[in-house]
Undergrad: 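Have a look at this one before I ask anything.
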Number of protein chains: 2
Amino acid sequence: MFKRFKIPEATIGRLTSYSRFLKEADEKGVTTVSSQQIARATGVTPAQVRKDLAYFGEFGTRGVGYNPRELYNYIMKILGLDRRWSVAIVGAGHLGTALSLYKGFAERGFDITCIFDADPEKIGKKIAGLEVRSLEELSQKVKEYNVELGIVAVPAAAAQEVVDIMVGAGIKGIINFAPVNVSVPEDVVIRRVDLASQLEYLTYHLGETR
Amino acid sequence: MFKRFKIPEATIGRLTSYSRFLKEADEKGVTTVSSQQIARATGVTPAQVRKDLAYFGEFGTRGVGYNPRELYNYIMKILGLDRRWSVAIVGAGHLGTALSLYKGFAERGFDITCIFDADPEKIGKKIAGLEVRSLEELSQKVKEYNVELGIVAVPAAAAQEVVDIMVGAGIKGIINFAPVNVSVPEDVVIRRVDLASQLEYLTYHLGETR
DNA sequence: TAGATTGTTAATCGATTAACAATC
DNA sequence: TAGATTGTTAATCGATTAACAATC
């Protein structure tokens, strides 16, 4: 879309944090921000900010700075967040339930529209106003709700099978919370979030300072 | 501890995945693995594997390879996982509850030993066999249970205050699930896990392929 | 010894930072 | 115009990969 050449993965993460600062600035009524202000607020260098933005276009005015609202809108467009996304969660256990109820998703444009589980005990129950459905219904509901993104919150042993079903139904982007790597076709984007690994980073760094 | 010079952050993440492969190999009774086998299993180059290990020492035998059990043990030591860690969770909402019940932590040596919440409605309830306690008790319980790591699963507005209490009690490593950046003293390691950002990476990459 | 694989150095690649011309 | 700040190029820094001597 915007991508003309290879963009560092880290740039995308930084754009997210720039956008949060810009939104706040706009809400405060600020009409101009400099790369230095963005940099200070997000903990990077001003050159980094300008370089990150330069990958996608020219959004500022020399000698002046950036308009926070305009730049925010550009970044949201770059990140694909200038519209809402329909998301399915598979796994209605504790984690799946917690994620279904998490308000932060809707705030960033992600609507949890359906929840699935394999356990007959859970099917039919309501979470966040949504009925938990069987995996057999997934394909149909994905079409019905225009689901494009999925979240996997099932045990490791079930993850690959669940992902296959999701991919088969046409889901194009998946977050995997199961502690196992799963494979997907080339055109599907998958990202694994490993909860235990997060703690492992801490213990390594604590050992380091000893 | 092992660190003699600066080690790439990515190396630490890769060590984690090497360790998982090595454990499996050992359990299968394999007595020798090569850097090439480790590389294939974890999706990196053999040179990368050897380089990552070289930061910490010499663990293989030239012409032969590595002993999976030995190398696993070395890596666990490097990561600070050659012992168990006591972890406190603050926030007994849906996410805090899900994390308290998550079995994957104990498997990697992390024992959730106490759970705290500010809400009087939740205090006294039991989650995963543990009583939810008030924040006033945090400092005392941290000492009692030798807590060194903490997980923050509270709303954004409460996160900084909660982190301050944790740091005051002597907790040295924190995972923050609240959607806000919090500050800590230099000697405390903090890592933020932003759930909505995970989905934002997907939408960017989906836009890219359009 | 011949074959294999490590540990390490040198080459390459990529990302960040510094510097500055363009321009408001 | 003078001062400020962008967009971009060049310099630097750091991480990955390739190559190979050491050695089992």
Side-chain angles (χ1 to χ4, degrees), chain A residues 2-18 21-22 25 30-75 78 201 204 208, chain B residues 2-18 21-22 25 30-75 78 201 204 208:
Chain A
F2 286 89
K3 188 174 162 175
R4 280 182 283 272
F5 35 79
K6 207 176 151 288
I7 289 154
E9 191 70 4
T11 290
I12 309 310
R14 287 190 297 263
L15 288 179
T16 296
S17 65
Y18 303 160
F21 168 73
L22 292 166
V30 175
T31 56
T32 317
V33 297
S34 64
S35 58
Q36 196 180 122
Q37 289 173 292
I38 300 172
R40 227 194 336 253
T42 58
V44 300
T45 63
Q48 183 74 272
V49 172
R50 297 200 299 278
K51 185 73 175 168
D52 285 337
L53 296 173
Y55 287 118
F56 302 98
E58 304 190 6
F59 308 113
T61 310
R62 288 169 194 232
V64 179
Y66 305 89
N67 177 286
R69 184 178 308 178
E70 258 183 36
L71 184 53
Y72 172 81
N73 288 334
Y74 277 124
I75 292 179
I78 292 165
Y201 271 88
Y204 168 71
E208 196 182 49
Chain B
F2 286 89
K3 188 174 162 178
R4 279 182 283 270
F5 34 78
K6 207 177 152 290
I7 289 154
E9 191 69 5
T11 290
I12 310 309
R14 286 190 299 262
L15 288 180
T16 296
S17 64
Y18 303 158
F21 167 72
L22 293 166
V30 175
T31 57
T32 317
V33 297
S34 64
S35 58
Q36 196 180 122
Q37 289 174 292
I38 301 172
R40 229 195 334 255
T42 58
V44 300
T45 64
Q48 183 75 270
V49 173
R50 297 201 300 277
K51 185 73 175 165
D52 285 337
L53 296 172
Y55 286 119
F56 302 98
E58 304 189 3
F59 307 114
T61 309
R62 287 168 195 232
V64 179
Y66 304 89
N67 176 287
R69 186 179 306 177
E70 259 182 36
L71 185 54
Y72 172 80
N73 288 332
Y74 277 124
I75 292 179
I78 291 165
Y201 272 88
Y204 169 71
E208 197 181 47

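Every chain is numbered from 1, with letters handed out A, B, ... down the list of sequences.
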Undergrad: Take the protein atom CZ of B:Phe56 and the nucleotide atom P of C:dT6, then report the distance between them rounded to whole Å.
TA: 18 Å
Undergrad: For a 4.5 angstrom cut-off between non-hydrogen side-chain atoms, does A:Thr45 reach A:Val49?
TA: no
Undergrad: Do B:Ile75 and B:Tyr72 make a side-chain contact, defined as non-hydrogen atoms from C-beta onward lying under 4.5 Å apart?
TA: no
Undergrad: Report, as a single string ordered 5' to 3', how protein heavy atoms within less than 4.0 Å touch nucleotides 16-24 of chain D: B base, S sugar-phosphate only, - not at all.
TA: BBBB--BBB
Undergrad: Which residues pass the side chain to side chain donor-acceptor pair (under 3.5 Å) test with B:Arg14, sequence neighbours left out?
TA: B:Thr11, B:Gln48, B:Asp52
Undergrad: Within less than 4.0 Å of OP1 or OP2 of C:dA15, is there a side-chain N or O belonging to A:Lys6?
TA: yes
Undergrad: Just to confirm, is there a sub-4.0 Å distance from OP1 or OP2 of C:dT6 to any side-chain nitrogen or oxygen of B:Ser35?
TA: yes
Undergrad: Where each pair must be Watson-Crick or G-U wobble with both distances under 3.5 Å, what dot-bracket representation of DNA chain C is obtained, with crossing pairs in [ ] and other-strand partners as |?
TA: ..||||||||||||||||||||||
Undergrad: For B:Glu58, what residues pass the side chain to side chain donor-acceptor pair (under 3.5 Å) criterion, not counting sequence neighbours?
TA: none
Undergrad: Please output the side-chain donor-acceptor pairs of residues 64-71 of chain B that fall under 3.5 Å, not counting sequence neighbours, one pair per line with the distance.
TA:
residue : atom : partner : partner atom : Å
B:Asn67 : OD1  : B:Arg69 : N            : 3.0
B:Asn67 : OD1  : B:Glu70 : N            : 2.9
B:Arg69 : NE   : B:Asp26 : OD1          : 3.2
B:Arg69 : NE   : B:Asp26 : OD2          : 3.1
B:Arg69 : NH2  : B:Asp26 : OD1          : 3.4

Undergrad: Applying side chain to side chain donor-acceptor pair (under 3.5 Å), name anything that partners A:Arg62, two or more places apart in sequence or on another chain.
TA: none
Undergrad: Report yes if the side chains of B:Ile78 and B:Tyr55 come closer than 4.5 Å at any heavy-atom pair, otherwise no.
TA: no
